[in-house]
Amino acid sequence: VHTSDFAATGGEPLTLTTLPGERATITNLRPIVAEEWTPVPHADGLALFVAPASDGFRVSNVVEDGVPLRRAPSGGANDLEDTPPEAISGPGEWCSSIRQGRVWVATADGEPPGERIEICDVGGFGASGNLFALTPREDGLDGPNLVLDGLTIETGFHGLLIRTGSVTVRGCELRKSYGDLLNSACGRLQVEDCEFHHFGESAIDITGPAGATPPRPLAPTAIRGCTFRDSVLLRSAGQKGVNAVMLKGGSEHMVVERCVFRDMETSYGALTLGGATSGGLAREGIGLIARNNLFQRITGPWVVLFAGSQDCVFANNLVIDSRVREIVHISRARGDDPETLNVRPRVLNNVLFDNAVEDAIVSIDAGAATGAQIDFNLIADSGTQFVIDGRPVELIDLPALGVETHGLGRAPLFRDREAGDFRPAAGSPVIDAGMALGALLPDDFDGVARAQGAGWDIGPFEFVPAP
């Protein structure tokens with residue numbers, strides 16, 4: 001797929017789906033056959049190969065065995081359009097020339113590419129390789145009511161670029177993006193039971209009305225029952241950081257729930273509540289809720305970042321087996337601007353267990369938050385220190401500051417950790433030990449109503465006794 005100028009307005013849903021029992025892939029990646037690759041010498045002895053790209057088309061993504069590779073920077077004005085092969089400095093890098101119609105690849109394993117390489121080459125200078133782009137109509141009418149159901153979507157740069165209309169993504173697999181798999185600014189979005197993997201920027205990046213031009217109202221968004229895994233930390237020229245879900249730019253009243261974040265290396269956090277739109281704004285995220293989620297084997301600076309948020313909540317989640325600088329980091333959206341602090345951030349009822357933490361379990365920068373509530377969390381084998389208003393505080397000293405006055409420090413006792421069953425076993429200290437959150441937390445990861453016992457349980461699962 002290269003380009004479609006299809007235009008539609010709101011109304012009855014336009015559904016793209018598959019026949020029962022079948023699977024459809026929509027892609028703008030194309031394979032390069034083995035015979036098209038030619039070895040070329042490299043000054044540093046790299047296994048470098050060249051193949052023809054579409055004449056006059058820019059290459060925006062190169063994928064090897066399903067994994068996006070790193071674009072080599074040239075440092076010139078036309079960095080993305082015309083990069084010489086000499087810019088490649090290591091295996092797993094690529095570059096291309098729109099003028100020569102060629103793409104060069106230094107394979108990750110040093111072997112000839114064979115049939116393993118796919119590229120996205122799209123028309124004209126500056127073409128980006130977005131697969132779906134829903135842009136506002138010139139007549140001012142709202143865009144389509146689009147439903148993507150049961151599809152596999154893979155892309156050169158952004159998979160879905162949503163600027164208008166209403167989009168439901170249900171039961172889809174989204175993969176292989178050099179940029180974001182799903183990027184939304186002021187569309188209406190529901191994402192359910194999808195799998196996101198092998199992305200070079202964000203799996204989902206949502207910018208609210210504060211970051212839109214022109215500003216448009218943004219309806220509530222739900223991201224529910226999804227799996228985010230295997231991010232690709234490329235650190236290429238022109239790329240933003242890597243995270244699974246970023247909600248910023250005035251995003252309001254959005255829910256991320258019953259999702260699994262695992263096996264990810266990030267440059268922000270797996271989840272960002274707020275952000276740094278245009279360098280950082282006040283009220284980047286308003287009323288955002290992350291509840292009943294699982295975070296496992298996350299590597300990077302943080303698991304969760306609050307930045308310029310207001311009344312945002314991180315509740316009843318599990319963070320386990322992760323290696324980070326801090327599990328929860330709370331900072332201004334713009335470091336030198338007190339107007340971009342976090343107002344009433346809440347970290348409640350979470351299980352933070354068996355993590356390798358370099359600096360602090362939870363860190364609040366100096367002047368970065370007002371009215372923070374951090375309590376009823378089970379914290380064990382994940383370090384011994386918080387940072388409160390820029391000052392290190394040991395766990396044992398937190399209650400004197402009004403922090404973790406009801407927190408627990410014992411192992412949570414899972415039903416079967418080795419098998420990935422993190423439901424509480426009988427006798428677990430999380431049972432009935434959480435804060436009652438009412439309508440903010442009506443059920444658990446499995447959809448079981450809360451509370452089942454004398455009180456709310458800590459973590460994403462309510463304890464249900466055996467029948």
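At a cut-off of 3.5 Å, with distance as the only test, no side-chain donor of N292 or D444 sits close to an acceptor on the other residue. Defined by atom type and a distance below 3.5 Å, a donor-acceptor pair is present between the side-chain atoms of T405 and D375. Defined by atom type and a distance below 3.5 Å, a donor-acceptor pair is missing between the side-chain atoms of D365 and S331. When only modelled atom types and interatomic distance are considered, D230 and H198 share no side-chain donor-acceptor pair under 3.5 Å. A donor-acceptor pair shorter than 3.5 Å can be found between the side chains of E394 and T384.
Using a distance-only test at 3.5 Å, with no hydrogens or angles considered, no donor-acceptor pair links the side chain of N293 to the main chain of N317. Within the 3.5 Å criterion, the main-chain N or O of F463 finds no donor-acceptor partner in the side chain of R423. For the pair D180 (side chain) and A203 (backbone), a donor-acceptor distance under 3.5 Å is absent. Between the side chain of E284 and the backbone N or O of L281, at least one donor-acceptor pair lies under 3.5 Å. Judged purely by atom type and a 3.5 angstrom limit, D432 uses its side chain to pair as donor or acceptor with the backbone of G455. Between the side chain of T17 and the backbone N or O of D149 there is at least one donor-acceptor pair closer than 3.5 Å. Judged purely by atom type and a 3.5 angstrom limit, N355 uses its side chain to pair as donor or acceptor with the backbone of V319. Between the D446 side chain and the V448 main chain, no donor and acceptor come within less than 3.5 Å of each other.
If you run side-chain contact (heavy atoms from CB on, under 4.5 Å) between F295 and each of L318, L271, V260, I320, only L271 comes through. Results of the side-chain contact (heavy atoms from CB on, under 4.5 Å) test with I364 over L341, I330, V387, N342 single out I330 as the only residue that passes.
A cation-pi contact links R71 to Y178, judged by a cut-off of 6.0 Å to the six-membered ring centre and 45° from its axis.
Remark: R30 engages D121 in a salt bridge, criterion side-chain N to carboxylate O under 4.0 Å.
Taking the side chain as every heavy atom from C-beta outward, V313 and L440 approach each other to under 4.5 Å.
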| task | With side-chain contact (heavy atoms from CB on, under 4.5 Å) as the test, would you mind laying out the steps for L131 and T27 before giving the verdict? | result | CA-CA 7 Å; L131 187 58; T27 181; 5.7 Å; no
